[in-house]
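Quick caveat: nothing in here was measured; it's all calculated off a predicted structure. For reference, positions follow the sequence shown, starting with 1.
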Amino acid sequence: QMPGTARHDREMAIQAKRNLSKTTDPVERLRLQCLARGSAGIKGLGRVFRIMDDDNSRTLDFKEFVKGLNDYAMMIDKEEAQQIFRIFDKDGSGTIDFDEFLVTLRPPMSNARKEIIMQAFRKLDKTGDGIITIEDLRGVYNAKHHPKYQNGDWTEDQVFRAFLDNFDSPYDKDGKVTTEEFMNYYAGVSASIDTDVYFIVMMKNAWKL
């Protein structure tokens, strides 16, 4: 796991629960309920939607949307769900695009934060093809310090794979991490960190940028 990330994750979850009682904005409430589950909370909701999207249309109608929220145990009444759905159903077609929905649900980040996240991504993406794979990590990430490598449980590749799985979408662990997945992960972490300066220092230290 990334240095310091677990701690930030806990802080963020606590903060999200605290803020929930203060906000009336339905989208913000949904966002905070997801974040109360940690950095992967938004990704988890995406997973529920993906499972329900039987025809692979990457869209949801209102019934599927509500069912997804219930399956994920989100505390949202029907009226609030309707409000949220209407915000995302911009063209009034009766369906929403769930990729767009998840990106909007992601906590907003300043350009300074996005830039440092992209710097880390580019450093890891040795081949420069926009996807981080085990091959990319070989020259950048040292597996030999990992306790499971040291005690012989895991090979170097297994350490790399576990590392990539942190960032990967939970329903789609393919050992490849896209820019989008990397951004989503750090949007969660970022939500727990108040100042850009601190976030940037944390990223620089974690990735030796």
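Among residues two or more places apart in sequence or in another chain, the ring pair (Phe, Tyr, Trp, His ring centres under 6.0 Å) test is passed with F160 by none.
For K176 (side chain) and I132 (main-chain N/O), no donor-acceptor pair under 3.5 Å exists by modelled atom type. D136 places a side-chain N or O within 3.5 Å of a backbone atom of T133 that can act as its donor or acceptor partner.
Side-chain contacts under 4.5 Å among hydrophobic residues (ILVMFWY), followed directly or transitively, place L32 together with L20.
In this structure, F62 and F65 have tilted ring planes: the angle between them lies in the 30° to 60° band.
A donor-acceptor contact closer than 3.5 angstrom is absent between the side chains of D97 and T59. In summary, the side chains of D25 and T23 do not present any donor paired with an acceptor at a separation below 3.5 Å, with no hydrogens or angles considered. Side-chain contact check for D61 and T95: no donor-acceptor pair (N or O, by modelled atom type) lies under 3.5 Å.
No single ILVMFWY cluster, assembled from side-chain heavy atoms under 4.5 Å apart, contains both M183 and I131.
No salt bridge links D174 with R161; every basic N to acidic carboxylate O contact stays at or beyond 4.0 Å.
Residues T179 and G130 share a closest heavy-atom pair of OG1-O, 3.7 Å. Shown here for F199 and I116, the closest heavy-atom pair between the two residues is CE2-CG2, 3.8 Å.
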